[in-house]
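Have a look at the structure below before the remarks.
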Amino acid sequence: MAEALPQAVRAGLDDPFAQLAGPLAGTRRLQLEVVDSVRLTPHLQRLRLTAPELAGFRYDPGQDMMLLVAADGSRPVRRRYTIRSLDEPQRLLTLDVVLHGDGPGERWVRSAQPGDMIEGIGPRGKITASPTADWHLLIGDEAARPAIFAMTESLPGDSVATLVLEVPEPADEQELLAPARTRLSWLHRLGAPAGDPARLAAEAREVELPPGDGHAYLLGEARVVLDLRQILADRGLGEGQLSPKAYWGRGRANAGHGEPARDA
């Protein structure tokens, strides 16, 4: 059994999240143990974790768990991963993690073995499926897939959802079983760089926007999300109908709290 960061190291960190207050007031600190780790697709790893603190744990589909994966001197390094599912009776938390090359989070994920321990804080995140929307449009890249799938699966059977997902290759596609009436389009990069807005932007310009009060969820690379937001605003969606969320920034490592680093 190995700890992602030993207690002796954690005790010496200058941790801005030492107290779960302010925006973190509704979260819990969990000591998570890896149950198993399996590869779902060439670029997606599934982790199942357990912790006593999962008893009574509640979250909204689309929210995430923030893991303390490393330290940079005295500064903690955390990464945020969408909660794919929770089996509360078994106290099993599932995280699907994109494998994109390197980084402190991915290094821990690739090496994680049953019995390994890691600190988590959650649930985090404000974006979840709108309960009042007449229809739903969910657009993103592979980093957004766990959230897009989790939110779509939470919709009732009379809902209408259109999903547009960009992934590296056809082998990264997954089956989605959801009660909602769902249309899913996969876009394959086939060796093209991630974070290029062209493919998702083209879909956003052409995708059908049904009548009624719909809601669009725009998730993925920071500049791509900005482009998608502008395209759909130009097509008539108001601010209250758009939920944009940047998960990562092209050419930039995420900040220590797991969010994309801000431009200088």
Closest heavy-atom contact between [X] and [Y]?
{"X": "Glu203", "Y": "Leu187", "value": "CG-CD1, 3.6 Å"}
{"X": "Ala70", "Y": "Leu5", "value": "O-CD2, 3.8 Å"}
{"X": "Pro104", "Y": "Val77", "value": "CG-CG1, 3.7 Å"}
{"X": "Leu232", "Y": "Ala216", "value": "CD1-CB, 3.9 Å"}

Report yes or no: does [X] contribute a side-chain atom to a donor-acceptor pair with the main-chain N or O of [Y] at less than 3.5 Å?
{"X": "Asp134", "Y": "Gly214", "result": "no"}
{"X": "Tyr217", "Y": "Ser130", "result": "yes"}
{"X": "Ser159", "Y": "Gly157", "result": "no"}
{"X": "Thr50", "Y": "Glu33", "result": "no"}
{"X": "Trp135", "Y": "Pro210", "result": "yes"}
{"X": "Glu221", "Y": "Val224", "result": "yes"}
{"X": "Asp213", "Y": "Ala133", "result": "no"}
{"X": "Asp196", "Y": "Pro193", "result": "no"}
{"X": "Arg29", "Y": "Ala18", "result": "yes"}

Q: Mind running side-chain hydrogen bond (donor to acceptor under 3.5 Å, both in side chains) on Gln63 and Thr128 for me, showing each step along the way?
A: CA-CA 7 Å; Gln63 289 188 303; Thr128 190; over 6 Å; no
Between [X] and [Y] (salt bridge meaning N to carboxylate O under 4.0 Å), is one present in this structure?
{"X": "Arg79", "Y": "Glu106", "result": "no"}
{"X": "Arg78", "Y": "Glu119", "result": "yes"}
{"X": "Glu166", "Y": "Arg199", "result": "yes"}
{"X": "Arg84", "Y": "Glu153", "result": "yes"}
{"X": "Arg75", "Y": "Asp14", "result": "no"}

Say whether [X] and [Y], considering side chains only, have a donor N or O and an acceptor N or O under 3.5 Å apart.
{"X": "His100", "Y": "Glu142", "value": "no"}
{"X": "Asp172", "Y": "Thr41", "value": "yes"}
{"X": "Thr162", "Y": "His136", "value": "no"}
{"X": "Trp248", "Y": "Asp141", "value": "yes"}

Q: Would you kindly check if the NZ (Lys) or CZ (Arg) of Arg124 is within the cone defined by 45 degrees around the ring axis of Phe17 and under 6.0 Å from the six-membered ring centre?
A: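 Relative to the ring axis of Phe17, which defines the angle, Arg124 lies inside both limits.
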Q. Only one of Leu54, Asp87, Leu47 clears side chain to side chain contact (heavy atoms under 4.5 Å, CB included) with Leu93; which?
A.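 One option only clears the test, and that one is Leu54.
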Q. Does atom CZ of Arg229 have more than 12 heavy-atom neighbours, drawn from other residues, nucleotides or ligands, at distances under 6.0 Å?
A. no
Q.
For Arg110, I'd like to know if atom CZ has over 12 heavy atoms of other residues, nucleotides or ligands within 6.0 Å.
A. yes
(Q) Under 4.5 Å side-chain heavy-atom separation, chaining through any Ile, Leu, Val, Met, Phe, Trp or Tyr, what else clusters with Leu155? Say none if it is isolated. (A)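 Members besides Leu155: none; it forms no cluster.
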